[in-house]
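Because the structure is predicted, anything quoted here is derived from the model rather than measured.
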Amino acid sequence: MATAPAYEEHLPAAPRWLNKGDNAWQLTAATLVGLQSMPGLVILYASIVKKKWAVNSAFMALYAFAAVLICWVLLCYRMAFGDKLFPFWGKGAPALGQKFLISQAKVPETTHYFNNGTVESKMSEPFFAMASLVYFQFTFAAITLILLAGSVLGRMNIRAWMAFVPLWLIFSYTVGAFSLWGGGFLYHWGVIDYSGGYVIHLSSGVAGFTAAYWVGPRLKSDRERFPPNNVLLMLAGGGLLWMGWSGFNGGAPYAANVDASIAVVNTNICAATSLLVWTSLDVIFFSKPSVIGAVQGMMTGLVCITPGAGLVQSWAAIVMGILSGSIPWMTMMILHKKSSLLQK
C-alpha cells in the first residue's frame with residue numbers, strides 16, 4: 001500500500017527535522033493562548049466593568065490583539081528572539097519571508113559557551129517550523145498588552161491606547177523577552193522564567209500600575225460603585241482564560257513532553273486552590289462568597305504558578321495557590337481600603 005504523501009519525508013511540508021507531535025501541540029497551545037485574549041479577555045473586560053464602559057473595554061482588547069500581531073511580524077519578533085543588538089535587545093527585522101518561516105525554529109542567542117570559547121550547550125532549536133514559534137510567541141505578547149489594559153479600564157481614551165500599544169510593545173516587552181527568553185543577559189546569568197511570570201505578568205503588572213497612576217483615577221462615582229454589568233458573561237470570559245492557560249504553560253517547553261504534562265496539571269491545581277482560598281476568606285470575613293472574588297482568585301493562582309509551572313512538584317502548586325489566594329486578597333480587601341494611593 002502506498003504511503004500517503006503527507007507522511008513522506010523530505011517534502012517541503014515534512015522535512016526530516018519536523019516532529020509532527022511537537023508541531024501540533026505548539027499550534028494547539030498557541031491557539032489556546034490566543035483564545036485567552038480573543039474572546040476570553042474581550043468578554044471578561046466587557047462584562048466586569050460598568051455598562052457605559054463595556055464597548056470601550058472590549059475594543060481595547062480587540063485592538064491590542066490585532067495591532068500586536070502586525071507589529072510582531074513586521075519588527076518585534078526578531079527584536080525579542082533574533083540576533084543580538086544589545087545584551088537586552090535583538091535586531092529588529094521582518095518575520096514574513098517564506099524562507100524564514102518554513103525553516104527550523106531556532107533562538108540564535110541561546111548558545112552557551114565556556115570561557116575558552118567552546119560550546120557548552122547548543123542553540124535552542126525546537127522540532128517545528130519558525131512559523132509555529134513566531135505565532136506562539138505572538139499570542140504571549142498580545143495577552144501581555146491585554147492584561148495591561150485591565151489596569152486602565154474605564155479611565156483611558158481609546159485613541160491614546162491605540163498609540164500606547166505599539167510603543168510599549170517595541171520599547172518594553174521586547175526588552176524583557178529578549179533578556180530572559182531570547183538569549184539576552186538574564187538568560188545567560190541563569191535566570192529562569194518558565195512561561196512568563198516575569199516577561200508577561202510582572203511586566204504587565206508594573207506597567208499597568210504605572211499607567212493607572214499617570215492616567216489618573218476613575219471618576220469618584222465609579223470608584224465608589226463599579227459593579228459588573230454581566231456576571232454570567234464575566235464567568236464565561238474567566239472560564240476561557242482558565243482553560244486557555246493550559247496552552248500558556250503547557251506550550252512553554254516547546255515540545256509535547258512530560259514537562260508539558262506536569263505544567264498543565266500544576267496550572268489547574270494552583271488556580272483551583274487559589275479560587276477556593278479567596279472564596280473561603282470572603283465567606284469568613286464578609287459572611288458570603290463573591291463571584292468577582294472567585295474570578296480574581298482564579299487569576300492570581302494562574303499568574304502565581306506560571307514562572308514555575310513545569311519546575312515544581314504538585315504539592316508545591318497547592319502551597320502556591322494558598323499564597324496567591326490569600327496575599328492578594330489581603331492587599332485588595334484590607335490594605336486597599338487603608339491606602340489613599342491604592343484607592344486611586
| request: Spell out, as yes or no, whether a donor-acceptor pair under 3.5 Å connects the side chain of H188 to the backbone of E109. | output: yes
| request: Using modelled atom types only, decide if a donor and an acceptor are shared between the side chain of D193 and the backbone of V199 within a distance under 3.5 Å. | output: yes
| note | Those residues at least two apart in sequence (or on a different chain) that pass side chain to side chain donor-acceptor pair (under 3.5 Å) with Q137 are Y254
| field | F209: ring-ring contact (aromatic ring centres under 6.0 Å, His included) partners, not counting sequence neighbours | value | none
| message | Run the side chain to side chain contact (heavy atoms under 4.5 Å, CB included) test against S172 and tell me which residues pass, sequence neighbours left out. | response | W168
| query | Would you call the rings of Y63 and F59 parallel, tilted or perpendicular, where under 30° means parallel and over 60° means perpendicular? | reply | tilted
| query | Using links of under 4.5 Å between side-chain heavy atoms of ILVMFWY residues, direct or through other members, which residues join I305 in one cluster? | reply | V312, M320
| field | Under 3.5 Å donor-acceptor, T139 side chain and F136 backbone | value | yes
| query | Is the backbone of A95 close enough, under 3.5 Å, to the side chain of R78 for a donor and an acceptor to pair up by distance? | reply | no
| What residue pairs, at least two apart or across chains, pass side-chain hydrogen bond (donor to acceptor under 3.5 Å, both in side chains) with a residue in residues 305-314? | W245-T306, N266-S314, Q313-W315
| request: Give the ring-plane orientation class for F171 versus W89, where under 30° counts as parallel, over 60° as perpendicular and anything between as tilted. | output: tilted
| field | Side chain Q104, main chain L18, donor-acceptor under 3.5 Å | value | no
| request: Using ring-ring contact (aromatic ring centres under 6.0 Å, His included) as the criterion, list what pairs up with F185, not counting sequence neighbours. | output: W189
| query | Backbone N or O of A54 within a donor-acceptor pair of the S57 side chain at under 3.5 Å? | reply | no
| message | Between F65 and F138, is the ring centroid distance below 6.0 Å? | response | yes
| query | Side chain of S195, backbone of F248: donor and acceptor closer than 3.5 Å? | reply | yes
| query | How are the rings of W181 and F140 set relative to one another: parallel (under 30°), tilted (30 to 60°) or perpendicular (over 60°)? | reply | perpendicular
